[in-house]
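Here the structure comes first, spelled out in structure tokens, and everything after it is commentary.
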Amino acid sequence: MQLLIATKNQHKLAEIGAILAPVTDLELIGIGSLPEEPAEVIEDADTMEGNALKKARQLCDVSRLWTLADDSGLEVLCLGGAPGVNSARYAGKHGDDHANNLKLLQEMAGRSDRRARFRCVIALAAPDGRSWHLEGTCEGVIAESMSGHGGFGYDPLFIPDGYQHSFAELDAAVKNRISHRAVALRAALAAWSGVLSDAGNLPATMRP
Ligand code: IMP
């Protein structure tokens with residue numbers, strides 16, 4: 001069964017591909033493989049749920065393919081959950097990871113409670129108008145300085161609970177096992193294997 005992944009973020013696409021790789025019944029399609037480039041989705045909802053559902057629905061309606069979307073972000077406890085839904089544009093310019101990390105370090109200067117979590121909302125849209133969503137989280141702390149070159153976004157500043165190194169320093173396989181995206185996608189496969197099986201006449205062997 002074909003499943004469109006509604007993201008232009010190549011890092012997210014790679015992570016989703018790696019996490020879903022064991023599910024051989026799914027053929028993942030990137031936006032770049034669509035016959036025409038779809039219009040940009042304006043992420044103007046005030047929640048990750050709203051943006052994930054909007055991305056999945058808009059791309060599903062254009063492609064007529066079952067579509068999966070991810071909206072995700074970092075929530076820092078002592079900052080009242082910021083940057084949250086604004087994670088990609090925290091410092092102003094959308095997708096400027098380095099500027100976002102510098103701003104976060106500035107906001108965290110002198111703070112002793114550095115607890116934070118990544119949150120990922122996965123939405124699934126069906127061509128017949130139905131949609132679903134659920135979330136996954138990964139708890140950790142914000143480091144005092146950036147380290148590592150792997151991953152993307154706030155990975156150089158995020159140390160997951162139980163580890164001494166940032167996501168950007170840890171092996172990609174470790175991140176793809178414990179991340180908010182991995183947790184959400186595993187939950188999605190478990191919760192939605194029935195609808196996906198019906199849609200694609202798949203055997204019920206979808207769980208990785
Ligand atoms: P979105 O494209 O609106 O979902 O924005 C997600 C933003 O949240 C990214 O630009 C990153 O700043 C941050 N983010 C989400 N997931 C991750 C991750 O796995 N690592 C680091 N940053 C992330």
Side-chain angles (χ1 to χ4, degrees), residues 4-20 30-31 38 40-59 67-76 79 81-108 114 116-124 133-143 146-161 163 165-186 188:
L4 178 67
I5 307 299
T7 184
K8 285 187 177 166
N9 181 327
Q10 294 306 312
H11 295 283
K12 277 191 190 177
L13 192 59
E15 288 188 10
I16 292 170
I19 295 164
L20 294 183
I31 289 181
E40 195 77 40
V41 180
I42 311 292
E43 296 185 34
D44 54 1
D46 53 11
T47 60
M48 291 180 208
E49 288 79 2
N51 282 329
L53 283 164
K54 184 173 182 185
K55 284 187 260 191
R57 173 51 50 206
Q58 190 168 319
L59 270 296
T67 303
L68 190 109
D70 153 310
D71 202 72
S72 43
L74 179 69
E75 297 177 336
V76 181
L79 301 179
V85 72
N86 296 317
S87 290
R89 51 181 179 272
Y90 191 38
K93 186 172 159 228
H94 193 280
D96 189 339
D97 291 344
H98 190 66
N100 289 339
N101 279 314
L102 289 177
K103 174 164 180 185
L104 181 59
L105 277 178
Q106 224 170 35
E107 298 288 333
M108 294 300 287
R114 305 185 73 88
R117 66 176 189 175
F118 273 124
R119 195 157 79 88
C120 171
V121 177
I122 294 288
L124 176 69
H133 71 280
L134 49 71
E135 69 168 42
T137 58
C138 178
E139 310 279 331
V141 292
I142 302 301
M146 290 184 240
S147 57
H149 298 285
F152 70 103
Y154 299 93
D155 282 348
L157 283 179
F158 185 82
I159 301 176
D161 284 352
Y163 292 81
H165 297 280
S166 75
F167 259 163
E169 292 176 299
L170 289 169
D171 201 86
V174 174
K175 182 180 179 193
N176 288 338
R177 199 172 61 240
I178 65 170
S179 78
H180 47 313
R181 195 159 291 108
V183 172
L185 283 169
R186 277 200 300 270

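When a ligand or atom number is given, it counts from 1 through the structure's own listing order. All residue numbers in this chain count up from 1 along the given sequence.
At a 4.0 Å cut-off, not a single heavy atom of Ser179 sits close enough to ligand 1 to count as contact. Asp155 counts as a contact of ligand 1, since one of its heavy atoms falls under 4.0 Å from the ligand. At least one heavy atom of Phe118 sits closer than 4.0 Å to an atom of ligand 1.
For Asp71 and Lys54, the salt-bridge test fails: no basic side-chain N is under 4.0 Å from an acidic carboxylate O.
The protein heavy atom nearest to atom 22 (N) of ligand 1 is Tyr154 N, 3.1 Å. Nearest protein heavy-atom neighbour of atom 9 (C) of ligand 1: Phe152 CE1, 4.2 Å. Among protein heavy atoms, atom 16 (N) of ligand 1 sits closest to Arg181 NH2, 2.8 Å.
Contact check for Lys12 versus Ser72: side-chain heavy atoms found under the 4.5 Å cut-off. Residues Val183 and Thr137 fail the side-chain proximity criterion, which asks for heavy atoms closer than 4.5 Å.
Atom 7 (C) of ligand 1 has its nearest heavy-atom neighbour, among Ser72, Ala168, Cys138, Ala45, in Ser72.
With Asp155 contributing its side chain and Phe152 its backbone, the two residues share a donor-acceptor pair below 3.5 Å. Counting only distance, with no hydrogens or angles, the side chain of Lys55 and the backbone of Asp70 share a donor-acceptor pair below 3.5 Å. With hydrogens and angles disregarded, a donor-acceptor distance shorter than 3.5 Å links the side chain of Arg186 to the backbone of Arg177. Side chain of Asn100 to main chain of Gly153: no donor-acceptor pair is present (N/O by atom type, distance under 3.5 Å, no hydrogens or angles).
For ligand 1, one of its N or O atoms has an N or O atom of Asp71 under 3.5 Å away. Some N or O of Lys175 is nearer than 3.5 Å to an N or O of ligand 1, by distance alone.
Using a 4.0 Å cut-off between heavy atoms, Glu43 contacts ligand 1 through its side chain alone, with no backbone atom that close.
Taking a cut-off of under 4.0 Å to the non-hydrogen atoms of Lys12, the atoms of ligand 1 that pass are 1 (P), 2 (O), 4 (O).
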**Prompt:** After noting the C-alpha distance and the side-chain angles of Ile142 and Arg114, does the key distance pass the side-chain contact (heavy atoms from CB on, under 4.5 Å) rule?
**Reply:** CA-CA 5 Å; Ile142 302 301; Arg114 305 185 73 88; 4.1 Å; yes
